[in-house]
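FYI, side chains are in, hydrogens and waters are out, and symmetry mates aren't considered; it's all heavy atoms of this structure.
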2 protein chains.
Amino acid sequence: MPSDPVGFEKHDHGACISEAMATAEAHCRAKGLRFTPVRRKALGLLLQAHRAIGAYEMLDRLRDAGFGSQPPVAYRALDFLVANGFAHKIERLNAFIACAHPGASHSPAFMICRICESVAEAHSSPARGALGEAARATGFRIEQTVVEAEGICPACVDKADT
Amino acid sequence: MPSDPVGFEKHDHGACISEAMATAEAHCRAKGLRFTPVRRKALGLLLQAHRAIGAYEMLDRLRDAGFGSQPPVAYRALDFLVANGFAHKIERLNAFIACAHPGASHSPAFMICRICESVAEAHSSPARGALGEAARATGFRIEQTVVEAEGICPACVDKADT
DNA sequence: CAGCACTTGTCATGTTATTTCATTTCTTGT
DNA sequence: ACAAGAAATGAAATAACATGACAAGTGCTG
């Protein structure tokens, strides 16, 4: 099980998909959540894509798979996945990506390549760092954080420098 | 000149507006940028509001002020302000806010109150912290960061606890 | 098996953002 | 001063992202 903080490396994608699905399955069983076909399919599509997917792209694929064709179909499935930590929303892209560390409650941080649009997930520590300091100094109670870096991924840096 | 990292405190709002406008004015003069009426008005409106403003709310006000009524009017003005560091986009809100530290090149971080929707700006240090570490470890080249915390501001915490 | 909570499908609408092109304004080089 | 080029504006159209509301179906629970 890859628990490293980033995701630009190559890996056994098939295995990572089945693992993530199994984790979600188990989590839902444990929590009494209904991992319905449309939700399962949505997570599968996110994992398969291995990149950030817009809600309407998701909708297209769900429709192709025989599910409903109206936006709420996609948004509801994605909301479920996000709410339960199986996926994250990338605010910068208005898009969604499968969680790289499902199960673990965490504050994700993302690195977004502006060339190839790949996205890697890392952990952030809201409490530490400048933001946590500012929050403590002012009495702000942090509930959730969005941390996204835009730039160039290793592969594209190599290409650009060549 | 308030250079403290946060913005939940009371302050002389009139003075802070004129200062910010003057700073922008000077910056544009120095860089040969055209600080046109619509851009000036947009910045004034952001400063006046002292909160995050959606593009269409900005558009309404610009139209009321006699400018064009089509979305690009607002988006172009806002893009100019953001590009030149006079304003920031809050991704979480799809809204824009005047920069609290204009002139200084910086990586802003924001604290967003989910009760009263106030927004405070702090500095972040992308290079340090978990994100910078992950970037160095993988070879990701950070160009820009989005750091936004959602939670409860001091004033609303007090209210909630009462 | 009745009642309830939850999920799904669909229609309708609301919100945010961009593309395109013609026109005007400003700046620059001569 | 003036022509050429760059930048900004106005306006129309459209694209992309997201939610509200309601009826019908599903599965659990008493």
Side-chain angles (χ1 to χ4, degrees), chain A residues 24 28-43 45-46 51-84 86-97 112 114 117 146 148 150, chain B residues 24-25 27-43 46 51-84 86-97 117 146 148:
Chain A
C28 286
R29 196 172 309 263
K31 299 261 184 177
L33 300 168
R34 290 162 66 178
F35 199 38
T36 60
V38 65
R39 293 168 174 175
R40 185 186 314 268
K41 183 66 183 177
L43 179 55
L45 288 168
L46 281 185
R51 61 183 180 83
I53 298 288
Y56 278 69
E57 189 176 346
M58 175 61 73
L59 179 57
D60 285 345
R61 300 187 184 198
L62 289 175
R63 187 190 48 238
D64 291 350
F67 296 97
S69 62
Q70 299 301 314
V73 170
Y75 281 101
R76 288 195 285 231
L78 290 166
D79 285 351
F80 173 85
L81 297 177
V82 169
N84 293 287
F86 305 141
H88 300 291
K89 179 170 187 184
I90 310 294
E91 297 288 345
R92 188 63 184 263
L93 304 177
N94 293 320
F96 301 82
I97 193 166
I112 306 163
R114 69 169 162 80
E117 299 196 309
V146 173
E148 299 171 5
E150 194 167 26
Chain B
E25 201 88 50
H27 184 85
C28 287
R29 196 173 308 265
K31 299 260 184 176
L33 300 168
R34 290 162 65 179
F35 199 39
T36 60
V38 66
R39 292 168 175 176
R40 184 185 315 266
K41 183 68 183 176
L43 179 55
L46 281 184
R51 61 184 180 83
I53 298 288
Y56 279 72
E57 187 177 347
M58 174 62 73
L59 179 57
D60 285 345
R61 301 188 185 197
L62 289 175
R63 187 190 50 237
D64 292 349
F67 297 97
S69 62
Q70 299 300 313
V73 169
Y75 281 102
R76 287 195 285 232
L78 289 166
D79 285 351
F80 173 86
L81 297 177
V82 169
N84 293 287
F86 305 141
H88 301 291
K89 180 169 186 182
I90 310 294
E91 296 289 345
R92 188 63 182 264
L93 304 177
N94 293 319
F96 301 82
I97 193 166
E117 299 196 307
V146 173
E148 299 171 5

B/Asp79 CG to B/Asn84 CG distance, which is reported to the nearest 0.5 Å: 10.5 Å
Residue pair B/His27 / B/Phe86, side-chain heavy-atom distance below 4.5 Å: yes
For atom CG of A/Asp79 and atom P of D/dA18, their distance in whole Å: 10 Å
First and last nucleotide of DNA chain C, 5' to 3', lying under 4.0 Å from heavy atoms of chain A: C/dC6 to C/dC11
Between D/dA15 (C1') and B/Asn94 (CG): distance, integer Å: 15 Å
Spacing of A/Glu91 atom CD relative to D/dA16 atom C1', expressed in whole Å: 16 Å
Electrostatic pair A/Arg63:A/Asp60 at N-O distance under 4.0 angstrom: yes
Nearest-nucleotide 5' precedence on DNA chain C, A/Thr36 against B/Phe96: A/Thr36
Closest-nucleotide ordering on DNA chain D, the 5'-leading residue of A/Tyr56 and B/Val38: B/Val38
Contacts of B/Phe96 that satisfy ring pair (Phe, Tyr, Trp, His ring centres under 6.0 Å) - sequence neighbours left out: none
Side chain proximity check, A/Leu45 to A/Lys41, heavy atoms < 4.5 angstrom: yes
Minimum-distance nucleotide to A/Lys89 side chain [options: D/dA21, D/dA18, D/dA7]: D/dA18
Sugar-phosphate only, base, or nothing, as touched by B/Arg39 at under 4.0 Å among non-hydrogen atoms: sugar-phosphate
Those residues that, when tested against A/Tyr75, pass side-chain contact (heavy atoms from CB on, under 4.5 Å) (two or more places apart): A/Ala55, A/Tyr56, A/Pro71
